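Since we're looking at a predicted model, the values are computed, not measured.
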Amino acid sequence: MIRATTQPAIIAIAYALRRLREERGLSLRHVARTAKISPSKLSALETGGRRQEATMVAYLLGIIGASEATLNQLIDIADRVDDADFFDPTGRDESVLRDGFEQLSTQVFEWSPTLFPKRLRSAGYSKAIQESGLPNLGTTVGDLVPVTARVCSADGSEPLYTFLLGEAATRPDAFSPSVLCDQIEEVATASKLLRISVGLVPASFCPPGLVEPFTLYEDDADAFGVAIQHHRGAAFLTSQASVKAYAETAKWLRGGLAENPWP
């Protein structure tokens with residue numbers, strides 16, 4: 001288990017190394033033997049228990065057979081393994097970082113004050129956002145799959161997802177009533193899934209603009225990281241002061257839940 005004080009780059013690289021190795025059907029012992037390191041050292045690198053040097057990351061990715069684009073991306077991330085806060089203004093590294101944080105989490109909390117979050121969007125809603133010209137430049141084809149298509153296991157192998165939406169998200173002026181109605185039905189269905197909880201916070205409790213969107217990542221012990229939307233990308237924070245402040249904000253938002261928001 002990665003410790004809660006681990007930096008964002010270490011979390012991202014650990015998950016990426018393990019995922020790439022497993023995707024290629026390579027055992028940990030095989031890669032360790034080829035790299036001439038002990039299996040315990042490689043395991044520590046793949047779980048974030050050991051600081052990953054850029055040269056070692058490049059060496060391991062070469063053995064695994066990663067693409068040149070992936071190799072260059074992860075080496076760039078590895079150059080920032082000592083940063084407690086990781087800023088990604090272009091969005092190039094966002095998916096790698098989010099995947100790493102999510103794999104470490106037992107609970108993921110997301111606050112979305114004015115739009116339905118990507119993970120909850122139907123294809124129709126995502127298309128409407130793109131056509132409306134709203135600032136949602138990070139949407140990709142993968143985001144067009146509604147959450148109801150996800151397999152949420154009962155054994156706890158997936159995190160428990162909690163989504164809180166601002167009331168403004170349920171009445172955007174840019175969409176037709178039919179698109180919004182279909183989207184709300186998707187969310188009502190998603191909220192019944194085993195490891196997904198969806199709630200609505202009235203504007204009277206938290207007006208639009210008061211608290212900007214953020215995602216809080218929690219493990220068995222406590223919150224350990226935060227992702228904040230930042231122009232085209234995001235900022236990932238693990239400094240204790242930042243995480244504590246957002247954890248307190250999440251607790252406050254949970255206290256403003258509307259009763260029976262999805263008829």
Practice prompt. To the nearest 0.5 Å, tell me how far Asp182 CG sits from Ser176 OG.
Written response: 8.0 Å
Discussion item. Within the structure provided, determine whether Tyr217 and Thr238 are in side-chain contact (heavy-atom separation under 4.5 Å).
Written reply: no
Fill in: side chain to side chain contact (heavy atoms under 4.5 Å, CB included) partner of Ile10, the single match among Ile77, Leu45, Asp82, Val81
Val81
Worksheet item: Leu115, Leu164: one ILVMFWY side-chain cluster at the under-4.5 Å cut-off?
Response: no
Would you list the atom pairs, donor with acceptor, under 3.5 Å between side chains in residues 243-254 and any protein atom, with sequence neighbours excluded?
unit_1: Thr249; atom_1: OG1; unit_2: Ala245; atom_2: O; d: 3.0

Item to complete: Could you label the plane-to-plane angle of the Phe116 and Tyr125 rings as parallel, tilted or perpendicular, counting under 30° as parallel and over 60° as perpendicular?
Response: perpendicular
Discussion item. Quick one: does any side-chain atom of Asp219 pair with a main-chain N or O of Asp222 as donor and acceptor, under 3.5 Å?
Written reply: yes
Worksheet item: Would a hydrophobic clustering, with Ile, Leu, Val, Met, Phe, Trp and Tyr connected at side-chain separations under 4.5 Å, put Val96 with Ile228?
Response: no
Practice prompt. Could you tell me which non-hydrogen atom of Phe101 sits nearest to which non-hydrogen atom of Gly225, and how far apart they are?
Written response: CE2-CA, 3.8 Å
Worksheet item: Between Leu71 and Gly62, what is the shortest heavy-atom contact and its length?
Response: CD1-N, 4.4 Å
Worksheet item: Closest approach of Ala169 and Ser112, non-hydrogen atoms and distance?
Response: CB-O, 4.4 Å
Worksheet item: Do Leu26 and Arg21 come within less than 4.5 Å of each other through their side chains, counting heavy atoms only?
Response: yes
Worksheet item: Does any non-hydrogen side-chain atom of Thr106 lie less than 4.5 Å from one of Leu160?
Response: no
Worksheet item: Is any NZ, NE, NH1 or NH2 atom of the basic residue among Arg98 and Glu94 found under 4.0 Å from an Asp or Glu carboxylate oxygen of the other?
Response: yes
Discussion item. Contact between Glu53 and Arg51 at the side-chain level, heavy atoms closer than 4.5 Å - yes or no?
Written reply: yes
Fill in: Gln7 (side chain) donor-acceptor with Leu237 (main chain) under 3.5 angstrom
no
Discussion item. Apply side chain to side chain contact (heavy atoms under 4.5 Å, CB included) to residues Asp88 and Phe86 and explain how you reach the verdict.
Written reply: CA-CA 6 Å; Asp88 175 35; Phe86 190 108; 4.1 Å; yes
Worksheet item: Are Phe109 and Phe214 close enough that their ring centres sit under 6.0 Å apart?
Response: yes
Worksheet entry | Check: Thr215 and Trp111 side chains under 4.5 Å, non-hydrogen atoms | no
Worksheet item: Just by modelled atom types, is the Val108 backbone N or O under 3.5 Å from a matching donor or acceptor in the Ser105 side chain?
Response: no
Worksheet item: For the hydrophobic clusters of this structure (ILVMFWY residues joined by side-chain heavy atoms under 4.5 Å, transitively), does one cluster hold both Leu165 and Ile196?
Response: yes
Worksheet entry | Side-chain (Thr70) to main-chain (Ala66) donor-acceptor, under 3.5 angstrom | no
Worksheet item: So if you build clusters from Ile, Leu, Val, Met, Phe, Trp, Tyr with side-chain heavy-atom gaps below 4.5 Å, do Ile75 and Phe87 land together?
Response: no
Worksheet, complete the sentence: Between the OG1 atom in Thr114 and the CD atom in Glu167, the distance rounded to the nearest 0.5 Å is 13.0 Å
Worksheet item: Can you tell me how far the NZ atom of Lys127 sits from the CD1 atom of Ile129, to the nearest 0.5 Å?
Response: 13.5 Å
Item to complete: Give, for atom CG of Leu180 and atom CZ of Arg171, the distance between the pair rounded to the nearest 0.5 Å.
Response: 11.0 Å
Discussion item. Is there a side-chain contact between Phe224 and Gln240 in this structure, where contact means two heavy atoms from C-beta onward sitting under 4.5 Å apart?
Written reply: no
Discussion item. Distance check, rounded to the nearest 0.5 Å: Leu60 atom CG versus Thr34 atom OG1?
Written reply: 10.0 Å
Item to complete: May I ask you to decide if Ala223's main-chain N or O and Glu218's side chain share a donor-acceptor pair within less than 3.5 Å?
Response: no
Worksheet item: So with a 6.0 Å cut-off around CZ of Arg80, is the heavy-atom count from everything else above 12?
Response: yes
Worksheet item: Do Phe236 and Leu74 share a hydrophobic cluster (ILVMFWY, side-chain heavy atoms under 4.5 Å, transitive)?
Response: yes
Worksheet, complete the sentence: Hits for side-chain contact (heavy atoms from CB on, under 4.5 Å) against Pro207, two or more places apart or cross-chain, chain-then-number order -> Leu210
Practice prompt. With sequence neighbours excluded, tell me which residues meet salt bridge (charged side-chain N to carboxylate O under 4.0 Å, His left out) with Glu212.
Written response: none
Item to complete: Check whether any side-chain heavy atom of Glu23 sits under 4.5 Å from a side-chain heavy atom of Ile64, and report yes or no.
Response: no
Discussion item. Tell me the closest heavy-atom pair linking Leu42 and Ala32, and the distance in Å.
Written reply: CD2-N, 3.7 Å
Worksheet, complete the sentence: So CD of Glu102 and CG of Leu97: to nearest 0.5 Å the spacing works out to 12.5 Å
Worksheet item: Ser43 side chain to Pro39 main-chain N or O, any donor-acceptor pair under 3.5 Å?
Response: no
Discussion item. Any non-hydrogen side-chain atom of Asp76 less than 4.5 Å from a side-chain atom of Arg92?
Written reply: yes
Fill in: Nearest heavy-atom neighbours spanning Arg18 and Glu46
NH1-O, 2.7 Å
Fill in: Backbone of Ala123 reached by a side-chain donor or acceptor of Ser126 within 3.5 Å
no
Worksheet item: Are Lys118 and Glu110 ion-paired here, with the side-chain N under 4.0 Å from a carboxylate O?
Response: no
Worksheet entry | Minimum-distance pair of heavy atoms, taken over all atoms of Pro117 and Phe163 | CG-CD2, 3.7 Å
